[in-house]
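Below is one structure, written out as structure tokens; comments come after it.
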Number of protein chains: 2
Amino acid sequence: MENRLEKIKKQLHASSYKLTPQREATVRVLLENESDHLSAEDVYLLVKEKSPEIGLATVYRTLELLTELKIVDKINFGDGVSRYDLRQEGAAHFHHHLVCIECGSVEEIQEDLLEDVEVIVEKRWKFQVKDHRLTFHGICHRCQKEHEKEKPKTKNASI
Amino acid sequence: MENRLEKIKKQLHASSYKLTPQREATVRVLLENESDHLSAEDVYLLVKEKSPEIGLATVYRTLELLTELKIVDKINFGDGVSRYDLRQEGAAHFHHHLVCIECGSVEEIQEDLLEDVEVIVEKRWKFQVKDHRLTFHGICHRCQKEHEKEKPKTKNASI
DNA sequence: ATCCGTGCAAATGATTTGCAAGTCG
DNA sequence: CGACTTGCAAATCATTTGCACGGAT
């Protein structure tokens with residue numbers, strides 16, 4: 001944890017930005033809630049718990065900065081807000097998401113899975129792929145199990 | 001063209017909505033600019049050319065309605081606006097996009113390309129895929145050619 | 001002193017909503 | 001009549017910006 005913070009500090013310095021207390025608090029919240037896909041407001045509220053003096057605008061500015069430096073990715077699931085997601089350690093590419101249309105949960109997929117598809121796109125459309133965004137919408141494992149409870153599966157469910 | 005409009009009219013009626021003149025004008029604009037990824041404002045301006053009395057709110061309401069009925073897809077490329085894209089005739093799935101990070105152009109890919117990936121996701125994550133959204137960010141063919149002009153490629157480009 | 005970074009409040013821009021009036025079966 | 005639609009203006013919500021102050025070099 002601490003070493004990831006150190007690394008981010010170096011990345012900031014490399015572009016001559018400082019890791020101010022506000023920025024550090026913001027990054028810490030991101031690190032501590034890595035799998036949560038927080039919105040700017042979410043981050044703001046969490047940062048505020050430990051550093052009540054911080055302003056919302058500062059959080060926005062910090063998230064924008066981190067996005068520029070590709071330390072986080074700004075994502076959008078179609079609700080009205082942007083969400084911010086830390087990049088994995090050495091990930092060249094963005095990771096994928098599984099959004100459940102029933103319970104709204106979001107799972108992450110770290111595996112690339114798109115190597116083959118990218119080759120096809122580069123060949124067939126002559127498009128030089130730099131990054132991608134892939135989201136699947138569907139029903140998560142938990143919700144599927146919920147359904148089975150309601151309507152218990154028999155050997156021969158049809159009719 | 002006309003038959004697609006007819007089809008949409010039926011889809012509306014099936015959910016007991018009418019194809020009012022305003023809605024028809026909006027749908028026509030979408031049909032006539034099918035590959036353009038128009039924002040609500042874009043649609044509004046285009047509709048206004050032929051039907052100046054229409055209100056922006058009506059366009060928003062129509063687009064929302066069409067989205068609900070899955071006649072169009074609401075997409076978001078990360079600029080501040082939502083864009084609206086007609087679904088292909090019988091497409092169960094959403095088509096993909098190639099967004100050029102240099103000139104901003106957007107190409108569409110109708111091919112699925114994700115069959116294999118979806119099988120993996122369903123197996124490995126036990127996630128029942130219903131739809132997907134895939135966008136590649138990179139450099140389009142035209143912009144690549146622009147680069148070659150500036151810096152003509154020799155047999156041995158290095159050094 | 002100079003810059004960078006911050007907080008606050010005001011501004012912006014996209015989208016939504018309330019409501020009174022219109023349409024059409 | 002009565003449900004569905006509309007246009008307009010006002011409201012809302014996320015995000016951005018202007019600006020004067022504060023802290024570090």
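Just so you know, these numbers come straight off a predicted model, no measurement behind them. Just so it is clear: chains get the letters A, B, ... in the order the sequence lines come, proteins before strands, and each one is counted from 1.
- Here the P atom of nucleotide dT16(D) and the CD atom of E68(A) are 11 Å apart, to the nearest Å.
- Minimum atom distance to the side chain of A40(A) is reached by dT15(D), of the listed dG7(D), dT15(D), dG7(C).
- Note on ring orientation: taking the six-membered ring where Trp is involved, the planes of F136(B) and H132(A) are perpendicular (angle over 60°, cut-offs 30° and 60°).
- Between L45(B) atom CG and dG13(C) atom P there is a gap of 15 Å when expressed in whole angstrom units.
- Judged by distance alone, with hydrogens and angles left aside, the side-chain atoms of T58(A) form no donor-acceptor pair with the main-chain N or O of I54(A) at under 3.5 Å.
- Picking from dT15(D), dG5(C), dT17(C) the nucleotide with the shortest atom distance to the side chain of A57(B) gives dT17(C).
- As a whole-Å value, the separation of Y44(A) OH from dT6(C) P is 14 Å.
- Proximity note for K74(A) (side chain, C-beta onward) versus dA14(C), dT16(D), dG5(C): the nearest is dT16(D).
- A donor and an acceptor atom, one from each side chain of E146(B) and Q144(B), are nowhere located under 3.5 Å apart.
- For the pair R83(A) and F77(A), the cation does not sit on the ring face, since its NZ or CZ is not both under 6.0 Å from the ring centre and inside 45° of the axis.
- Here S82(B) lies in heavy-atom contact (under 4.0 Å) with sugar-phosphate atoms only.
- Contact annotation for L56(A): base contact, defined as any heavy-atom pair under 4.0 Å involving a base atom.
- E53(B) comes within 4.0 angstrom of sugar-phosphate atoms only, judged by non-hydrogen atoms across all strands, and of no base.
- In this structure, K18(B) and P52(B) both approach DNA chain D, and ranking their closest nucleotides by distance from the 5' end singles out K18(B).
- R61(B) comes within 4.0 angstrom of a nucleotide base, judged by non-hydrogen atoms across all strands.
- Taking atom CG of residue L63(A) and atom C1' of nucleotide dA14(D), one finds them 13 Å apart after rounding to whole Å.
- Between L19(B) atom CG and dT5(D) atom C1' the separation is 13 Å, expressed in whole Å.
- The CD atom of E41(A) sits 15 Å away from the C1' atom of dT16(D) (whole-angstrom rounding).
- Between the CG atom of L65(A) and the C1' atom of dT15(D) there is a distance of 16 Å, rounded to whole Å.
- For T20(B), a side-chain nitrogen or oxygen approaches OP1 or OP2 of dT6(D) to under 4.0 Å.
- Side-chain polar atoms of H147(A) and E102(A) form a donor-acceptor pair below 3.5 angstrom.
- Side-chain N/O atoms of Y60(A) include none lying less than 4.0 angstrom from OP1 or OP2 on dT16(D).
- Distance Q22(A) CD to dC4(C) P: 17 Å, rounded to the nearest Å.
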